[in-house]
There are 2 protein chains.
Amino acid sequence: MSVQELAASPLFAGLDPAYLEKLARIALLKKFERGQTVFAEGDPGNGFYLVQSGRFKIFKLSFDGKEQILHLLGAGEPFGEVAVFTGRSFPAAAEAMEKGRAFFFARDDFVRLIATEPSLAMNMLAVLSMRLKKFAQMIESLSLKEVPGRLATHLLLLSDQQDGAARLRLSITKAQLASLLGTIPETLSRILAKMSREGFIALDGPMITIANREGLAELAMGAIRI
Amino acid sequence: MSVQELAASPLFAGLDPAYLEKLARIALLKKFERGQTVFAEGDPGNGFYLVQSGRFKIFKLSFDGKEQILHLLGAGEPFGEVAVFTGRSFPAAAEAMEKGRAFFFARDDFVRLIATEPSLAMNMLAVLSMRLKKFAQMIESLSLKEVPGRLATHLLLLSDQQDGAARLRLSITKAQLASLLGTIPETLSRILAKMSREGFIALDGPMITIANREGLAELAMGAIRI
DNA sequence: CGCTGCGTTGAGCTTCTTCAACGATCGTGG
DNA sequence: CCACGATCGTTGAAGAAGCTCAACGCAGCG
């Protein structure tokens, strides 16, 4: 497995090349087709994955089949690590959103390595901490904001990730965005339409242009409503 | 600072006494009064805390003052660690719910120690992983379940934590329980009353008795409604 | 005694979901 | 090449869930 690919991940950044070599030796590259399940919620978690290519989603399903996306992952991002350290089953399901590959690291092999390399442990702590922070924001959004507020927050975040660009391309379907925001496509569609009508954004298929950043920011923090 | 107290925490369990001694030397015991703020969301996170006594809550506030409790903490539980590893500010606020004390560990001191003691790192990874799992369940609850389902889930969890006891004592006020469940006291009150009317539970002040465990389990997973 | 925090209940209203229908796009197989 | 089904997105009408606002009882405590 290519050491360079591993080094590109935040999880393995800054590690000694000798360690990367060891990691590469225990990694197993797996292929996934669009829609293929990586693991289901509750499956025994004997290791974790690192995305090599393609995109993957981590999600929860309700009794009646509604989906809540917890995480969207691209190249270099790990998933399924929680099960490694709790020593139990996966707390959510994972699925490939498109054709792609992921490295698999078996728990025992990985734990052996992490126990001897403090900077790997520190990197992993940083990854888990970032995730916790993100989850805390998600909980805040779901419980304290209405859908327009969550959407505004998300759009501003997207813009930030692209150096403040006003013109954004949704890289996921609107149905998936709805699932990420904890709502349903119909509601999202209505709210996008309303935001457009009121001049906050401009819509054009999968393109969204931020037309009133201050207004969106006020929506995001709940200072105003639409 | 007492080494025994530190050793009782899951975070420091199984560590070499010599390391506990080092930890004890960098720990700083702070006192808090009921209602006192430990840190606000956004404060610079220069270290983390470990509860010695009393209870603390971690929470988010909305623009108009509504509160979402993320976490309730008792003796031996750490909080504020996320900021240590993301190197940034606290992602939520912390407050003492009653008179209590907490050890404070400064970031730099702690990072020095954790980098030399793999089992401390592994413990910390386990703690963060458990939290992530809990947050994932919270997100699932908020987005995929209605209030009766969340309440049922919580009651069953409480019962599990007490070896399956049917008679539970709420250790927090109902207003705080509402905040933990992502709702408001009025709604919680109504749903408790309805659950009692329909025979799922029996109410008596702060005591709740599980009268129909199977029914509650079906409520919890969303199989039935009330 | 009066105050404050906690809990409950009622009425009205907002938000969101459900259910249904429909247009557009796209890939596939006949 | 066209027809078909599937996915995606949008819109409307109706209903459910939960929130807001208000009032009130009750207990603990200065």
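Just so we're on the same page: letters track the sequence lines, and every chain starts at 1.
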**Request:** Have a look at A:Thr187 and say if it touches a base, only the backbone sugar-phosphate, or nothing, with a 4.0 Å heavy-atom cut-off.
**Result:** base
**Message:** How many whole angstroms separate atom NZ of A:Lys194 from atom P of D:dG12?
**Reply:** 13 Å
**Prompt:** What integer distance in Å separates A:Glu67:CD from D:dT7:C1'?
**Reply:** 15 Å
**Request:** Report the distance from atom CG of A:Leu144 to atom P of D:dC19, rounded to the nearest whole Å.
**Result:** 11 Å
**Request:** Quickly work out the B:Glu186 CD to D:dA23 P distance and round it to whole Å.
**Result:** 14 Å
**Item:** Single hit among B:Lys60, B:Gln176, B:Lys57 for side chain to side chain donor-acceptor pair (under 3.5 Å) with B:Glu67
**Value:** B:Lys57
**Fill in**
In whole angstroms, the gap separating P of C:dT14 from CD of A:Glu146 amounts to 12 Å
**Request:** Would you mind reading off the distance between B:Lys66 atom NZ and D:dT20 atom P, rounded to a whole angstrom?
**Result:** 6 Å
**Request:** Give, ordered by number, those residues of residues 55-64 of chain B having at least one heavy-atom distance below 4.0 Å to an atom of DNA chain D; if nothing qualifies, reply none.
**Result:** none
**Fill in**
Note: for B:Arg225 and B:Arg190 on DNA chain C, the residue whose nearest nucleotide lies more 5' is B:Arg190
**Request:** Provide, to the nearest angstrom, the distance between the CG atom belonging to B:Leu177 and the P atom belonging to C:dC6.
**Result:** 14 Å
**Item:** Separation of atom CD1 in B:Ile184 from atom C1' in C:dT9, rounded to whole Å
**Value:** 13 Å
**Asked** Do other residues, nucleotides or ligands put more than 12 heavy atoms under 6.0 Å from B:Arg88 CZ?
**Response** no
**Request:** May I ask you to evaluate whether B:Lys174 reaches the phosphate of C:dT8, defined as a side-chain N or O under 4.0 Å from OP1 or OP2?
**Result:** yes
